[in-house]
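Because the structure is predicted, anything quoted here is derived from the model rather than measured. Below, read A as the first sequence line, B as the second, and so on, with proteins coming before strands; counting in each chain starts at 1.
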Amino acid sequence: MTKPPTANAREPSTAPPADGEYPFRYTARLANVIETRWQTYWDQHHTFVTPNPGDPGFDSDKPKFYCLDMFPYPSGVGLHVGHPLGYIATDILCRYKRMRGFNVLHPMGFDAFGLPAEQFAVEHGIHPRVTTERNIANMVRQLKAIGLSYDWGRCLATTDTSYYKWTQWVFLQLYNSYFDSAVNKARPISELREKKPDAVLAEHRLAYMAEVPVNWCPALGTVLANEEVTSEGRSERGNHPVYKRPLNQWMLRITAYAERLAEDLELVDWPEPIKLMQRNWIGRSEGAMIEFQIAPAMPGPPAQGPGSMKTIPVFTTRPDTVFGATYMVLAPEHPLVDQVTTDQQRDAVSEYVRLAASRSDTERQIDSRRKTGVPTGGDAINPATGEHIPIWIADYVMMGYGTGAIMAVPGHDQRDFEFAKQFGLPIIEVVKPHGVPTPGDSSDQAFTGEGTSINSANNEVSLNGLSTPQAKTTVTRWLESKGVGNAEVRYKLRDWLFSRQRYWGEPFPILHAADGRIVALDESELPVELPEMNDFTPHTSDDPDASPRPPLSRAPDTWKYVKRDGGRFERELNTMPQWAGSCWYYLRFCDPHNADRFVGAEAERYWMGERGIDLYVGGAEHAVLHLLYARFWHKVLYDLGHVSTPEPFGHLFNQGYIQAYAYTDERGIHVDSEKVIEQDGGYFFEGRAVSRSLGKMGKSLKNAVSPDDICEQYGCDTLRLYEMYMGPLQASKPWNPRDIIGLHRFLQRVWRLAVDEQNGNPAVRDEADPTVESQLHRTIARVEQDIERQAFNTAIAALIEFMNIATTAGGLTRDQLHRFVLILAPFAPHIAEELWCKLGHKESLAYEPWPAFDQAMLTENFIELPVQLGGKVRAKLTVPADASVKQIEAAALADAKVTSLLAGKTVRKVVVVPGKIVNIVAD
RNA sequence: GCCGGAGUGGCGGAAUUGGCAGACGCGCCGGACUCAAAAUCCGGUGGAGGUGAUACUCCGUGUGGGUUCGACUCCCACCUCCGGCACCA
């Protein structure tokens with residue numbers, strides 16, 4: 001990528017800004033001068049360049065702190081004030097950690113492949129690389145203007161050839177590995193090679209090509225991952241219709257890792273709701289596989305030979321209800337449908353299959369409650385009861401989960417129940433709820449809970465009287481002994497569809513031979529660079545059956561075809577999805593310029609430490625997509641010995657959104673918020689009334705606010721403070737420009753307290769005020785505590801409170817100002833550096849030790865205790881801080897106000913909580 | 001439908017373990033400075049009653065119950081908003 005531009009440093013003017021009688025007042029103008037000065041200083045002095053182990057200046061005695069922001073997509077419109085919310089928070093933490101003596105790794109980069117740049121290229125004929133680089137340069141400028149202390153020397157973009165070379169390398173690792181279920185980890189495919197023929201290898205590789213039903217979006221001209229399709233069956237990007245159709249595509253075998261991805265969530269410190277979302281997505285369920293024999297079509301001898309005994313395996317989480325299975329259902333796409341269908345039913349069945357195939361997922365969703373289906377005419381044999389049960393096909397059974405077939409237990413499954421009611425199929429009760437004997441006659445509900453088995457016995461096994469868990473194990477053991485079933489764990493998670501029909505993505509390091517063989521490139525042949533092209537148009541269409549033609553099919557032949565060993569090979573024409581680059585960028589940050597390895601081993605070991613990244617901050621929208629994919633890649637790399645931790649993100653923190661008012665006109669179309677005016681309690685856009693709502697800030701709601709404007713109006717220190725002061729980092733909160741002024745005033749007061757507004761010289765007093773001194777200790781303690789628990793809003797409140805006290809007391813001594821400037825610095829680094837400089841320091845304060853506080857200064861000699869009578873505060877008591885419970889009780893009962901209120905009453909109980917409260921119960 | 005998260009003044013929010021609800025900021029009201037305004041500084045500000053101003057009283061953390069000497073905080077039921085999943089066998 002482009003190197004970050006050298007600071008846009010207009011030379012700060014040496015003359016003070018003229019502002020009437022206060023030439024040195026902290027105004028937006030002065031703030032901007034100070035900010036530019038220090039941003040330039042940090043750049044020129046490489047203040048935040050972080051040495052790696054082995055580099056000069058690296059101190060191995062310091063503990064490490066790897067703090068990462070989810071990197072942004074370099075959009076053409078640049079940042080809005082919602083983006084830097086998390087960045088400012090991590091910046092505060094990093095600045096604080098540096099002062100606490102940590103080696104801080106705090107990098108930033110860009111997730112720069114993806115659709116918008118490509119679409120822009122299609123519309124304007126500008127190469128995506130050009131717009132991407134331009135957008136990155138602009139966003140780097142914006143980020144620097146907020147004073148974020150990134151090590152810009154480590155900046156990378158996923159579109160850099162030197163980066164995606166290694167993305168391709170990771171892909172080769174996946175391609176050249178298989179999952180060894182015996183040891184539950186990935187191993188090199190070469191270890192399997194001795195035992196298996198080539199064709200079989202493909203079935204084991206972690207990256208493989210397969211003809212699978214995929215989500216095909218003709219309007220985007222590409223396929224999409226399950227995760228990129230909404231529940232309405234439309235594309236998450238652009239909201240276009242998506243169709244299921246079989247296509248030969250690249251897949252990653254993430255399902256092999258389902259168990260570890262779920263279990264290892266135990267190892268990480270993440271918000272519980274996010275862990276839960278991942279667990280739900282992986283969707284582990286315990287149950288059993290049960291084989292149902294297909295009953296012979298003709299009466300007579302059951303089997304014509306050993307091979308004709310066909311069975312249909314089903315997966316169930318309730319094997320204990322097998323005695324209640326009164327029919328079976330196959331998904332319409334099930335391969336055995338043909339075989340079980342009788343001649344009488346053949347027409348009806350093929351008609352239904354045709355209908356089901358033509359219905360898009362969208363349609364299937366809309367009337368998801370109404371059950372449809374047809375009998376195949378065939379029967380299966382319930383292995384528990386030995387009875388013949390009819391086999392139906394219905395679209396409420398999905399081919400993609402389990403085996404695509406179910407045993408239907410209408411007595412204890414709501415869907416089966418509804419289906420049975422509709423088609424008059426028998427319903428047998430085999431589980432009784434605990435306690436009351438079947439409350440009423442549950443005529444519209446199946447009992448799906450746990451209870452006691454009934455009506456469940458044959459000659460060999462009886463579940464009657466057993467509780468559901470006992471019944472499950474008993475019946476599973478019996479099925480196993482008969483060889484018709486076994487306990488099994490299934491996951492909802494599907495393999496990851498990994499190819500896209502786009503130009504602006506990583507090319508696969510893969511060749512196709514004329515005979516269909518797949519050949520992976522050697523590591524030494526990387527990178528496979530994107531070919532130069534002028535036309536990036538994907539082949540889009542309204543026709544769901546149109547075949548995909550990726551843009552790379554129009555690449556020059558010199559790129560497309562490769563000669564090798566006398567044969568002609570065609571390059572893979574699909575590209576990788578946008579998720580690929582973000583799956584491992586945090587590793588590259590550890591060692592971004594390494595030309596020989598994806599990351600140097602020593603750098604990886606040091607920065608990723610024992611639990612991986614120490615703090616990873618980003619939005620909750622990546623809960624299942626990015627975070628799951630990245631964990632999967634990381635585990636593969638871990639298994640192959642390339643990284644040293646089982647999990648990449650030891651500690652995750654989700655910041656909330658910044659919301660903003662959005663306005664819609666009478667047609668419901670969003671109008672530009674900036675042009676809306678408030679009048680007489682209503683809101684108007686170009687004279688027309690519009691209605692107001694609150695929504696996530698962004699382009700789509702036309703309510704974005706640029707940080708550039710706020711920096712210009714108040715300075716970026718004010719912006720930083722405001723964003724942190726709005727509320728807790730994890731909460732979503734509305735952007736309210738009216739409130740910003742408060743933080744600007746605070747900085748103005750800080751400045752005025754420390755600097756003579758007439759001549760710009762430091763203004764300090766000689767004698768320390770004892771109240772101010774103890775308050776300063778208290779403030780240091782509070783700020784420290786609040787930063788550690790990421791409560792930046794209350795940390796700033798503590799700073800403001802101190803400032804108010806110091807102002808009232810008439811100022812600070814030089815020594816007090818020193819300490820105050822240091823604790824202010826993480827939040828408002830520019831003004832802090834300027835004041836530090838004015839106090840006579842020649843160097844940046846970035847690595848100054850954090851000021852200490854004296855615990856003794858925090859405790860008062862006397863404290864005021866509230867006295868409650870019957871739970872209401874009626875009096876205040878001043879007692880020595882170390883007073884005993886007895887002394888406090890005596891003092892409370894002796895209090896004049898208390899005795900007068902207690903007159904005529906009997907004291908029943910006195911609760912004394914030292915340091916907190918006294919509560920007297922009397923009647 | 002299921003699973004999460006959240007509901008506190010006019011607004012954003014605070015209350016770290018069950019212990020003085022409303023810190024801090026905005027806004028608003030009053031005052032100082034000013035010819036005047038802006039900026040700045042000082043004071044007030046949950047609601048209702050009450051007083052000459054004090055004092056004082058009652059109500060108050062979405063709703064209704066409960067546990068407790070004491071509940072914004074814990075438990076049960078419900079309402080609203082936000083996010084996720086959705087025929088997953």
Can you tell me, in whole Å, how much space there is between the C1' of G47(B) and that of G22(B)?
13 Å
Which atom pairs link the protein and nucleotides 55-62 of chain B when you take only N or O atoms and keep those under 3.5 Å?
from: U57(B); atom 1: OP1; to: R874(A); atom 2: NH1; distance (Å): 3.2

What nucleic acid atoms does I274(A) come within less than 4.0 Å of, heavy atoms only: base, sugar-phosphate, or nothing?
nothing
Please answer whether the main-chain N or O of A325(A) pairs with a side-chain N or O of N382(A) as donor and acceptor at a distance below 3.5 Å.
yes
What contact category does S285(A) fall into here, base, sugar-phosphate, or nothing, at under 4.0 angstrom with non-hydrogen atoms?
sugar-phosphate
Nearest-nucleotide pick for N736(A), side chain only, options being C11(B), G19(B), A89(B)
C11(B)
To the side chain of R789(A), which of A15(B), C85(B), C87(B) is closest?
A15(B)
Footprint string (nucleotides 67-76 of chain B, 5' to 3'): B base within contact, S backbone only, - free, heavy atoms under 4.0 Å
--BS------
Test I391(A) against every option in L330(A), L336(A), V329(A) by the side chain to side chain contact (heavy atoms under 4.5 Å, CB included) rule and name the one that passes.
L330(A)
Examine distances only and state if a side-chain atom of Q748(A) and a backbone atom of Y26(A) form a donor-acceptor pair shorter than 3.5 Å.
yes
Using the P atoms only, state how far C74(B) lies from G18(B), rounded to an integer number of Å.
8 Å
With the side chain counted from C-beta on, respond yes when I800(A) and L743(A) share a heavy-atom pair under 4.5 Å apart, and no when they do not.
yes
Closest non-hydrogen atom pair between D786(A) and A795(A), with its separation:
OD2-N, 3.2 Å
Return the nearest nucleotide to the side chain of R25(A); candidates are C3(B), A39(B), A89(B).
A39(B)
Shortest non-hydrogen contact between T255(A) and D495(A), atoms and distance
OG1-OD1, 2.6 Å
For the pair I920(A) and R908(A), evaluate side-chain contact (heavy atoms from CB on, under 4.5 Å) and give the outcome as yes or no after the intermediate values.
CA-CA 8 Å; I920(A) 301 169; R908(A) 297 282 169 211; over 6 Å; no
Is the backbone N or O of G618(A) less than 3.5 Å from a side-chain atom of N654(A), with the two atoms forming a donor-acceptor pair by type?
yes
Does N804(A) reach a base, just sugar-phosphate, or nothing at all? Heavy atoms under 4.0 Å.
sugar-phosphate
Most 5' of M407(A) and M726(A) on RNA chain B, judged by nearest nucleotide
M726(A)
So does K492(A) get a backbone contact from the side chain of R494(A), meaning a donor-acceptor N/O pair under 3.5 Å?
yes
Distance check, C1' atoms only: U34(B) and C56(B), in whole angstrom units.
42 Å
If you measure from the C1' atom in A55(B) to the same atom in U80(B), how many Å do you get, rounded?
42 Å
Mind checking the P distance from C87(B) to C78(B)? Whole angstroms is fine.
25 Å
Establish, with yes or no, whether the OP1 or OP2 oxygen of U40(B) is under 4.0 angstrom from a side-chain nitrogen or oxygen of R745(A).
yes
Comparing G915(A) with R284(A), nearest RNA chain B nucleotide closer to 5' gives the residue G915(A)
Is the ring centre of F419(A) less than 6.0 Å from the ring centre of Y327(A)?
yes
Regarding D786(A), tell me which of base, sugar-phosphate or nothing describes its non-hydrogen contacts under 4.0 Å with the strands shown.
nothing
So for K916(A) and C20(B), does any side-chain atom that can act as donor or acceptor lie under 3.5 Å from a complementary atom in the base?
no
Has the side chain of R720(A) got a donor or acceptor atom that lies under 3.5 Å from a matching backbone atom of F827(A)?
yes
Per atom distances to the L743(A) side chain, the nearest of G25(B), A89(B), U40(B) is G25(B)
Of the listed C85(B), C24(B), C3(B), the closest approach to the Y725(A) side chain comes from C24(B)
So which nucleotide from C20(B), G13(B), C26(B) ends up closest to the side chain of R738(A)?
C26(B)
Just checking I406(A): base, sugar-phosphate only, or nothing, at a heavy-atom cut-off of under 4.0 Å?
base
Decide yes or no, distance alone: a donor-acceptor N/O pair under 3.5 angstrom between the base of U40(B) and the side-chain of Q748(A).
no
Please confirm whether the backbone N or O of L729(A) pairs with a side-chain atom of Q655(A), one donor and one acceptor, at under 3.5 Å?
no
Separation between the P atoms of U54(B) and U45(B), rounded to whole Å
10 Å
Students often get this wrong, so: under 4.0 angstrom with heavy atoms, is R490(A) touching a base, only sugar-phosphate, or nothing?
nothing
With pairs taken as Watson-Crick or G-U wobble and both distances under 3.5 angstrom, which stems of at least three consecutive pairs involve RNA chain B?
B:1-7 with B:79-85, B:10-12 with B:24-26, B:27-32 with B:40-45, B:46-49 with B:56-59, B:62-66 with B:74-78
State whether the side chain of Y661(A) and the backbone N or O of P734(A) hold a donor-acceptor pair below 3.5 Å, judged by distance alone.
no
Could you tell me how far apart N280(A) (CG) and C3(B) (P) are, to the nearest whole angstrom?
10 Å
What is the nucleic acid contact for K733(A), judged by heavy atoms within less than 4.0 Å: base, sugar-phosphate only, or nothing?
sugar-phosphate
Atom P, compared across U73(B) and G60(B): separation rounded to whole Å
13 Å
Considering only the C1' atoms, how many Å lie between G52(B) and G13(B), rounded to the nearest integer?
38 Å
Side chain of A797(A), heavy atoms from C-beta onward: which of A23(B), A21(B), G27(B) has the nearest atom to it?
A23(B)
Let's see if you can work this out: which of G25(B), U40(B), C41(B) has an atom nearest to the side-chain heavy atoms of R749(A)?
C41(B)
Can you tell me the distance, in whole Å, between the NE2 atom of H744(A) and the C1' atom of A39(B)?
11 Å
The side chain of F315(A) lies closest to which of these nucleotides: C3(B), C24(B), A89(B)?
A89(B)
Answer with base, sugar-phosphate or nothing: what part of the nucleic acid does R752(A) contact at a heavy-atom distance below 4.0 Å?
sugar-phosphate
For A797(A), is there any backbone N or O sitting under 3.5 Å from a side-chain donor or acceptor partner on R782(A)?
no
Of the options G25(B), C85(B), C3(B), whose atoms approach the side-chain atoms of W281(A) most closely?
C85(B)
Considering all heavy atoms, the nearest A798(A)-T779(A) contact
O-CG2, 3.7 Å
Going by the glycosidic torsion and a 90 degree boundary from 0, is the base of G9(B) oriented syn or anti?
syn
